[in-house]
Undergrad: 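Structure in structure tokens, see below.
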Amino acid sequence: MLTIRSGIASEVALLQSLIREFAAFERLPVAITEDQLQQDGFGAEPKFRTLIAEYDGEPAGYALFFDSYSSFQGRCIFLEDLFVRPSLRGRNVGRALLAHVARSAQEANAFGLMFNVLDWNQGAIEFYKRIGAAFLNDWKTVCLSHKALHDLASEV
């Protein structure tokens, strides 16, 4: 049986474990600590929200999302992570997580739900196409971080 629920502060170790599994799948490094997750997700001013999926009582995946804003369209939700453990894919866990995030967006009167997908992740791309997501191929995701961020900030 599948259940979707909000993540809670006492599950930070589980959340970090799921994030590490997702990062391994995406072949990306992880620098986030449990302390950062605790503070940023469950502190006095949370920066993100999480949903935990459980299948037959075992953690199956998670969604991590936060409020965002478009100067052209207004409020939206940005989905940072949507991950389902490989052994539980094909059981509608990802769809259920995404539906719950979509409900959060609707309840917030957001115009939409924004997210990224890696260009090699064909399974996810096909899934998003099936549910009617629009691909903004004329947009490029840009990230200014680490040394480049430091160097630019030091100009002030």
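None of the values given here were measured: they were computed from a predicted structure.
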Undergrad: Could you walk me through whether Thr50 and Phe42 pass side chain to side chain contact (heavy atoms under 4.5 Å, CB included), step by step?
TA: CA-CA 10 Å; Thr50 60; Phe42 304 98; 4.1 Å; yes
Undergrad: What do you reckon, is CZ of Arg85 surrounded by more than 12 foreign heavy atoms closer than 6.0 Å?
TA: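 More than 12 heavy atoms, drawn from other residues, nucleotides or ligands, come within 6.0 Å of this atom.
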Undergrad: Given side chains that start at C-beta, do those of Arg75 and Ser68 come closer than 4.5 Å, heavy atoms only?
TA: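 Counting from C-beta outward, Arg75 and Ser68 never come under 4.5 Å.
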Undergrad: One pair to check against side chain to side chain contact (heavy atoms under 4.5 Å, CB included): Arg49 and Ser104. What are the steps and the verdict?
TA: CA-CA 10 Å; Arg49 291 174 274 167; Ser104 293; 4.2 Å; yes
Undergrad: What residues, two or more places apart in sequence or in another chain, satisfy side-chain hydrogen bond (donor to acceptor under 3.5 Å, both in side chains) together with Glu11?
TA: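 For Glu11 the side-chain hydrogen bond (donor to acceptor under 3.5 Å, both in side chains) partners, ignoring immediate neighbours, are Arg5.
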Undergrad: In Å and rounded to the nearest 0.5 Å, what is the CG to CD distance from Asp35 to Gln16?
TA: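 Separation between the atoms: 9.5 Å.
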Undergrad: Using modelled atom types only, decide if a donor and an acceptor are shared between the side chain of Lys140 and the backbone of Asp138 within a distance under 3.5 Å.
TA: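 No.
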Undergrad: Please report the closest heavy-atom contact between Gly41 and Pro46, naming both atoms and the distance.
TA: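 Closest pair (atom of Gly41, atom of Pro46, distance): O-CB, 3.5 Å.
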Undergrad: More than 12 heavy atoms of other residues, nucleotides or ligands under 6.0 Å from CZ of Arg103: is that the case?
TA: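 Open.
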Undergrad: Of all residues at least two apart in sequence or in a different chain, which pass the side-chain hydrogen bond (donor to acceptor under 3.5 Å, both in side chains) check with Thr141?
TA: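 Result, side-chain hydrogen bond (donor to acceptor under 3.5 Å, both in side chains) vs Thr141: Asn116.
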Undergrad: Check for a donor-acceptor pair, side chain of Glu80 on one end and backbone N or O of Phe66 on the other, with a separation under 3.5 Å.
TA: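 Checked: no pair found.
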Undergrad: Is there a side-chain contact between Leu37 and Thr33 in this structure, where contact means two heavy atoms from C-beta onward sitting under 4.5 Å apart?
TA: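 No, every pair of side-chain atoms sits at 4.5 Å or beyond.
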Undergrad: Is there side-chain contact between Glu126 and Lys129, with heavy atoms separated by less than 4.5 Å?
TA: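 The answer is yes; the side chains approach within 4.5 Å.
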Undergrad: Which ILVMFWY residues are connected to Phe127, directly or by a chain of links, through side-chain heavy atoms under 4.5 Å apart?
TA: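 Traced through the cluster, Phe127 reaches Leu2, Ile4, Leu51, Tyr55, Phe65, Ile77, Leu79, Leu82, Val84, Leu88, Val93, Leu97, Leu98, Val101, Leu113, Phe115, Val117, Ile125, Tyr128, Ile131, Phe135.
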Undergrad: Any side-chain heavy atom of Ser70 within less than 4.5 Å of one from Phe111?
TA: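 Result yes, sub-4.5 Å side-chain heavy-atom pair found.
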Undergrad: Please say whether more than 12 non-hydrogen atoms of neighbouring residues, nucleotides or ligands are located less than 6.0 Å from CH2 in Trp120.
TA: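 Yes, enclosed.
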Undergrad: Atom CD of Gln39 and atom NZ of Lys47: how far apart are they, to the nearest 0.5 Å?
TA: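 The distance works out to 7.5 Å.
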Undergrad: Quick one: are Glu34 and Gln36 in side-chain contact, heavy atoms under 4.5 Å?
TA: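 Not in contact.
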Undergrad: At their closest point, which heavy atom of Ala110 faces which heavy atom of Cys76, and how far apart are they?
TA: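 Here Ala110 and Cys76 meet closest at CB-CA, 3.6 Å.
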Undergrad: If only atom types and distance count, is the side chain of Asn92 paired as donor or acceptor with the main-chain N or O of Arg95 below 3.5 Å?
TA: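 Side chain of Asn92 to backbone of Arg95, a donor-acceptor pair under 3.5 Å: no, none is there.
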Undergrad: Is there a chain of hydrophobic side chains (I, L, V, M, F, W, Y, each step under 4.5 Å between heavy atoms) that links Ile8 to Leu14?
TA: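 They do not share one cluster, since no chain of ILVMFWY contacts under 4.5 Å joins Ile8 to Leu14.
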Undergrad: Please confirm whether the backbone N or O of Ala63 pairs with a side-chain atom of Asp81, one donor and one acceptor, at under 3.5 Å?
TA: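 No: the side chain of Asp81 does not pair with the backbone of Ala63.
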Undergrad: About how many Å separate CG of Leu15 and CD of Gln38, when rounded to the nearest 0.5 Å?
TA: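 These two atoms lie 10.0 Å from each other.
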Undergrad: Verify the cluster assignment for Met114 and Tyr69: are they in a single hydrophobic cluster under the rule of side-chain heavy atoms below 4.5 Å apart?
TA: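 No; Tyr69 is not reachable from Met114 via cluster members.
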Undergrad: Measuring from atom CG of Leu18 to atom OH of Tyr62, what distance do you get when rounded to the nearest 0.5 angstrom?
TA: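 If I round to the nearest 0.5 Å, the distance is 7.0 Å.
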